[in-house]
Amino acid sequence: MSTTSSTSANMGAEFKPAGEAAEKVKPCCVCKDEKAARDECMLFSNAPDPQQDCQNMVTKYKSCMAGFGFTIP
């Protein structure tokens with residue numbers, strides 16, 4: 001039987017991944033500012049071709065994601 005007490009700080013610690021697995025991030029959790037700027041540009045662009053108009057924002061988002069190891073086509 002363990003004599004350590006559980007606190008809110010250490011509860012569930014044994015269920016959290018350690019090492020390299022703990023360092024991996026989910027795509028939804030990175031580059032939030034770049035994603036928001038890209039989405040806002042695409043949604044509110046008055047240009048005839050929003051995709052072309054927002055290409056700079058899309059490129060910044062792809063570069064950010066690539067920095068975390070994610071490849072976006």
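Just so we're clear, the structure is a prediction, and the values are computed from it rather than from any experiment. One-based numbering along the sequence shown.
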Trainee: Step through the shown structure and confirm whether more than 12 heavy atoms of other residues, nucleotides or ligands are within 6.0 Å of CD on Gln51.
Mentor: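 Atom CD in Gln51 is not crowded, with 12 or fewer foreign heavy atoms closer than 6.0 Å.
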Trainee: Taking atom CD1 of Ile72 and atom SG of Cys64, what is their separation to the nearest 0.5 Å?
Mentor: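 The SG atom of Cys64 is 9.0 Å from CD1 of Ile72, to the nearest 0.5 Å.
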Trainee: If you group Ile, Leu, Val, Met, Phe, Trp and Tyr by side-chain heavy-atom gaps below 4.5 Å, do Tyr61 and Val30 land in one group?
Mentor: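 Tyr61 and Val30: one cluster.
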Trainee: Roughly how far apart are Glu34 CD and Ser63 OG, rounded to 0.5 Å?
Mentor: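 Between atom CD of Glu34 and atom OG of Ser63 there are 9.5 Å.
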Trainee: With rounding to the nearest 0.5 angstrom, report the SG to CD distance, Cys54 to Glu40.
Mentor: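 Rounded to the nearest 0.5 Å, the SG-CD separation comes to 10.0 Å.
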Trainee: Where do Phe70 and Lys26 come nearest, in terms of heavy atoms and distance?
Mentor: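 Where Phe70 meets Lys26 most closely, the heavy atoms are CZ-C, 4.0 Å.
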Trainee: For the residue pair Pro50 and Ala47, what are the closest heavy atoms and their distance?
Mentor: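 Closest approach of Pro50 to Ala47: CD-O, 3.7 Å.
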Trainee: If you group Ile, Leu, Val, Met, Phe, Trp and Tyr by side-chain heavy-atom gaps below 4.5 Å, do Met57 and Met42 land in one group?
Mentor: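 In one cluster: no.
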Trainee: Minimum heavy-atom separation for Lys62 to Pro73, with atom names?
Mentor: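 The answer is NZ-O, 3.1 Å.
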Trainee: For Arg38 and Lys35: C-alpha separation, side-chain torsions, deciding distance, then whether side-chain contact (heavy atoms from CB on, under 4.5 Å) applies.
Mentor: CA-CA 5 Å; Arg38 177 207 65 183; Lys35 183 178 180 180; 3.6 Å; yes
